[in-house]
Amino acid sequence: MTKDLKFLFEPRGVIVTGVSSHPGKFGFVALHNILSCGYEGKVFAIGREESTVLEQKVTTSLDSIPENEADLMILCTPVEMNEELLRKASEKGVKAVFCAAGGYSETGEEGLKAEKRLVALAAELDLVLAGPNGQGVVSPPAGLCAQIVAPYAPKGRIAVVSQSGNFVSSFLNYANQTGIGISRSVSAGNAAATEIIDFLEWFSTDPATDVALCYLEGLEKGRDFFERIKTITKKLPIVLVKGGTTMGGQRAAASHTGSLASDSKIFEGMARQAGITRAPNIESAFEIAATFATQPLPSGPRVLVLTTAGGWGVVTADAISNSSELVLTPLPNDLKEEINKLLPPRWSKNNPIDLAGGETRDTIPELLSIASKHPEIDSIIQLGLGIQGNTANLVRTGKFYPNHGLERIVNFHERQERRYAEVSIKASLSSGKPILIASELATTQPNNPMVKTIRDSGQLCYASANRAVSALNHLVRYAIWRNQSN
Amino acid sequence: MTTASESESRQIVESAGISVSRWKTASDIDEALNAAREIGFPNALKLNGSSIAHKTEQGFVRLNLKTESEFLNAANELLENKIDDSDLLITEMLSGSREVIAGVVRDSQFGPCVMFGFGGVLAEAIADVEFRLAPITPYDARDLISSLKTTDLLKEFRGEEALDIDATIDLLIKLGDLAKDDKILSIDLNPLILVKGIPIAVDALVEIKEESL
């Protein structure tokens, strides 16, 4: 049964323990982050001494806290205090506890015993327990940044769970960089009572979440993980990075089959069976998850490439041909005839559609509108946008601006870029098909009006065509898997 | 854990519907010759017994015996060196230039897994094998086959038919079903020779839980 983690991510009020006036201590940082990132629920601070910290009253015991006003408690107190705090919190109506404090199983035998006691007590009190030894919980839809580190993240559709807290921060940093936001994030810490798979299960029931992003190192119950995750992936795409190649798997080795088996091979096979989207590294994992979060699922593998000039289209066609799932579909005849009406005869007459510089101000929007509606095209990769904005950038910063008619042309170029971006997004929405725009300007010139318009619309501009192809390939593979599994 | 003899192993996989090369056992030279005549020439001869795994390495295999006299020499030699309760196994000699490997293994993390990959003497060097957790679906089996790096080597080649994908899917599903039996610890079909594209096991090795024998 799915563990109900609602109170961890949507608490009505939050208690932080271990609050002191020292800005370097976990309790202080957690309180600071909760108070300064926009959480609107009630906040209660517990510390060693009665005081005021960050304009917040600090009391020495949970006794003074009213009943049923806080659902979540963030523990930043030493091991020996936490069991008593759990009992008291339960009396006050707390439903979920995130134990940021360390000193548990990660420290050895004694810590392990304390962790087992904490887990047993939480179960007895019917409390959700996350951690211990974790960074905390972030939940932008609730305005909640209950963690002992940075950063906070914009609100979006990606839910993050990680066995390493650092990678929670990495994913959230990418969310800030790209503007593709987060619905929930949690570092599982020692995952003593609530495991990675429990979080993933809850994410699949969470209306705020469209895709899960997961960093995993080790597993203790591999088969159980498989049986549960393959049910989750039927509803929710899961992008997973697996760290470490060994998991201590052991097999009978008298057979050839046994000697050829390795943990990484078996994990890879399991992941493919379970419909898990495996990413090779943290950076691409975020980009793939961001694609799931912002693009519709393609209904097939046929890709159309649309480019304003040659080279881009050629390398993108190569990348598509080398991908495992995507098909560079031949240009349908009826579409070819339509395009003939829009362009001078030197255009490519094939996929990629290379305009060869023959476009006028309305060509790209018209072409995109026709192409995206064509039933033999499942998705589009668009290249070569941003050039006019790049020109505008050079002219605007040059010594002749704004004279000689330059102001007018700069405005025209920038207006066109914004329009192209808007048209692409609109075409994707109205056709229900993915349209991915790739340009190095995404990173080299983030203020390019095309790049900026895409970002402001909550979409991702891919820094290279290869990256767009790779992300789209993962979407297609997942779509195929989901079709056959349902 | 005990290794079943090749004949026991063949029985186990055959009864699950997996294709193996034609075979017979014989306990003495007369029975062996009769079996050889029935199976035809050329054929292959092996020492067969539960303590004899990895027969090739131990010199207990004679391949491509073309005549009765070749066969008799080989049979006498093996019988002289026979160990424990072993007997002789006579099989047809399948020809085909390509081999694959398939099997079942139990992983302590993930339980029973089906394996398939590029086979033959180079199998362990190339190590192009893939695993799926048993039991497996037709989708899993097809995906497994197509995710091999050497999948191109299994396409049509010098007049030989390509790997029969449907037959292979069927084989892998049957292996996965065999793995439901807890007593079966592992299965090695190494190699299977492609005959008109269909993988046929020419050697089988099943490991069985000790107490169940």
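Sequence lines set the chain letters: A, B, ... in the order given, protein chains first and strands last, and positions in each chain run from 1.
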A.B. asks: Would you mind checking which part of B:S147 comes under 4.5 Å of any heavy atom in chain A, side chain (CB onward), backbone (N, CA, C, O), both or neither?
C.D. replies: side chain
A.B. asks: Is the shortest side-chain heavy-atom distance between B:Q109 and A:L219 below 4.5 Å?
C.D. replies: yes
A.B. asks: Of the backbone (N, CA, C, O) and the side chain (C-beta and beyond), which part of B:A141 lies under 4.5 Å from a heavy atom of chain A, both, or neither?
C.D. replies: neither
A.B. asks: Tell me if the NZ atom of B:K24 is crowded by more than 12 foreign heavy atoms within 6.0 Å.
C.D. replies: no
A.B. asks: Starting at CG of B:D143, measure out to CZ of A:R477 and round the result to the nearest 0.5 Å.
C.D. replies: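 It is 7.0 Å, given to the nearest 0.5 Å.
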A.B. asks: Sort A:Q273 into side chain, backbone, both or neither according to what part of it lies under 4.5 angstrom from a heavy atom of chain B.
C.D. replies: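 Its backbone and side chain both get close to chain B.
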A.B. asks: So how far is it from B:S108 OG to A:D263 CG, rounded to the nearest 0.5 Å?
C.D. replies: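 Going from OG on B:S108 over to CG on A:D263, the span is 7.5 Å.
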A.B. asks: Please state whether the side chain, the backbone, both or neither of A:E220 comes within less than 4.5 Å of a heavy atom of chain B.
C.D. replies: backbone
A.B. asks: Taking side chain as C-beta onward, heavy atoms only, is B:F131 less than 4.5 Å from A:F267?
C.D. replies: no
A.B. asks: Distance from B:R132 atom CZ to A:E268 atom CD, nearest 0.5 Å?
C.D. replies: 7.0 Å
A.B. asks: Can you name the closest pair of heavy atoms from B:L133 and A:R223 and give their distance?
C.D. replies: CB-NH1, 3.6 Å
